Amino acid sequence: MKQVTIIGTGYVGLVTGACLAEMGNQVTCLDVDDEKITQLNSGKVPFFEPGLEELVKRGRLAKRLCFTTSYEDALKGAELCFLALPTPSNEDGSCDYRYVFAAAQKLAKHIDDGVLIINKSTIPVGTTEKVRKKIREALADRAVEFDVVSNPEFLQEGSAIYNCMNPDRIILGVENPRSQKLLEQLYAPFIEKIQVMDIASAELAKYAANAMLATRLSFMNHLSGLCEKVGADIDQVRRAIGSDPRIGDKYLQPGIGFGGSCLPKDVDALCAIAQEHGHSSDFFRMILEVNEEQKRAFFEKIEGHFGDLSNLTFAIWGLSFKPNTDDLRQAPSLTLISMLREKGANLRLFDPIAIDQAKKQIENASELTFCVDEYDAAQGADAILLITEWPEFQSVDFQKIGSLVRNKVVFDGRNLYSSSELEQLGFEYYCIGKPAKQVLEWSI
Ligand code: UGA
């Protein structure tokens with residue numbers, strides 16, 4: 001059992017804290033946001049993540065998990081202190097690590113001898129070293145022994161608890177045997193998943209993983225455009241290449257573009273890291289350009305079908321950047337909504353979980369119509385736009401939808417539906433990476 005402090009109660013901090021408490025450790029989570037801590041102290045999780053509220057409840061009941069805004073209380077007796085703070089983008093795309101630095105400065109006043117600071121935030125190569133320097137400066141003449149290590153996080157929103165409790169790797173950027181031992185004790189249940197490396201490699205591994213995932217997606221999205229032009233089917237091509245074990249079949253699903261708080265931001269930051277070190281960033285930049293192009297191409301399909309969009313009504317199914325989360329950060333839905341609004345279209349929006357977030361985050365949201373379900377959104381629509389592949393959209397009754405819409409047209413941004421089934425019901429169906437209509441010409 002270890003005494004652990006987690007600074008920052010976002011996705012990474014809260015999931016890590018709740019999981020470490022579940023594993024038997026004594027965990028105190030700190031956040032500077034009073035409202036968040038009050039909510040957590042009353043058993044409420046401030047964002048949607050399946051299973052997290054139950055885990056937090058269990059941790060609190062067992063008195064292994066508590067929440068505070070006080071650095072002094074949070075760090076009393078702490079052996080290990082995680083930094084899980086947001087690292088958003090600066091205007092030029094580089095990583096803004098000021099929250100990490102601010103926390104480093106504050107925690108220095110309250111740490112005891114021997115404490116291990118573990119950075120989980122995504123920060124550019126060299127930042128762990130800068131954090132160490134910041135803490136040393138803030139300690140002034142207090143003689144306290146401490147170490148700072150890198151332990152990047154790889155959890156996915158929507159399955160964060162599963163990822164945390166079943167890690168496929170635990171990356172430890174650590175250069176001191178005592179720190180390594182402490183972390184091996186903490187992560188004892190996953191000892192065979194631990195990879196120890198130097199700090200710079202651990203820091204870069206995080207960016208490399210997200211950039212590799214983004215590369216696959218931009219590759220598939222770009223290829224899907226080519227499929228449409230040459231009359232090929234991206235699903236068949238995907239299956240063909242995915243069965244090569246050197247390629248693998250995961251993370252190859254084309255769509256309307258990737259979003260979320262991590263992939264776009266981390267590729268952007270990787271461009272800045274490359275530039276800063278005099279290395280070309282063209283390759284990384286292209287990943288993001290293709291992603292923007294993918295969103296534009298979807299919009300152009302809609303415009304190509306209708307021409308003038310003003311006063312047409314569109315049902316938007318799905319707002320979050322992916323299913324099982326209410327997170328709208330960099331969600332393709334936001335880009336599409338603003339493009340459609342600019343053309344004077346009326347929008348009827350539905351998402352199973354993210355409507356409250358959407359109302360807060362979309363500009364002039366009161367001008368939009370938020371609906372109670374996908375059928376409500378379809379009322380009088382000129383087209384259905386499927387943006388997020390929530391499981392409940394898979395089993396929609398399109399016969400019923402047909403009786404609600406004004407025009408039977410579906411634009412499927414996730415290749416969720418079968419063209420033959422929809423066409424049989426009289427719908428015009430557009431998806432990603434397939435020719436609009438297969439015309440077979442036989443010559444004798
Ligand atoms: C991503 C990484 O997958 C995690 O490993 C990482 O820890 C996390 O960022 C982070 O850095 O914190 P996440 O942002 O939760 O996780 O989202 P993903 O599940 O990776 O999805 C990202 C985007 O890719 C979504 O918009 C999703 O719709 C899209 N996607 C994913 C596809 O378009 N096709 C696919 O085959 C897979």
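Worth saying up front: this structure is predicted, and the values here are computed from it rather than measured. First listed ligand is number 1; within each ligand, the first listed atom is number 1.
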Suppose we screen for side-chain contact (heavy atoms from CB on, under 4.5 Å). Which residues come up paired with Ser338, at least two apart in sequence or across chains? none

Sequence neighbours left out, what passes side-chain contact (heavy atoms from CB on, under 4.5 Å) with Glu300? Give chain and number order. Arg296

Are Phe350 and Trp317, when compared by the centres of their aromatic rings, separated by less than 6.0 Å? no

So, is the end of the Lys400 side chain (NZ or CZ) under 6.0 Å from the ring centre of Tyr375 and within 45° of the ring's axis? yes

Residue pair Glu203 / Thr128, side-chain donor-acceptor N/O under 3.5 Å: yes

Please name all residues satisfying salt bridge (Lys or Arg N to Asp or Glu O under 4.0 Å) with Lys36, sequence neighbours left out, ordered by chain then number. Asp31

Could you go through ligand 1 and list every pair where one of its N or O atoms sits under 3.5 Å from a protein N or O, giving the atom names and the distance to one decimal?
unit_1	atom_1	unit_2	atom_2	d
ligand 1	5 (O)	Phe154	O	3.0
ligand 1	7 (O)	Phe154	O	3.1
ligand 1	7 (O)	Leu155	N	3.3
ligand 1	7 (O)	Leu155	O	2.7
ligand 1	7 (O)	Lys206	NZ	3.2
ligand 1	11 (O)	Lys206	NZ	2.6
ligand 1	11 (O)	Asn210	ND2	2.8
ligand 1	15 (O)	Glu157	N	2.8
ligand 1	15 (O)	Lys322	NZ	3.1
ligand 1	17 (O)	Lys322	NZ	3.3
ligand 1	19 (O)	Gln156	NE2	2.7
ligand 1	19 (O)	Lys322	NZ	2.8
ligand 1	20 (O)	Tyr251	OH	2.3
ligand 1	21 (O)	Tyr251	OH	3.3
ligand 1	26 (O)	Gly259	N	2.9
ligand 1	26 (O)	Phe321	O	3.1
ligand 1	28 (O)	Arg414	NH1	3.0
ligand 1	34 (N)	Gln253	O	2.8
ligand 1	36 (O)	Leu252	N	3.4
ligand 1	36 (O)	Gln253	N	3.0

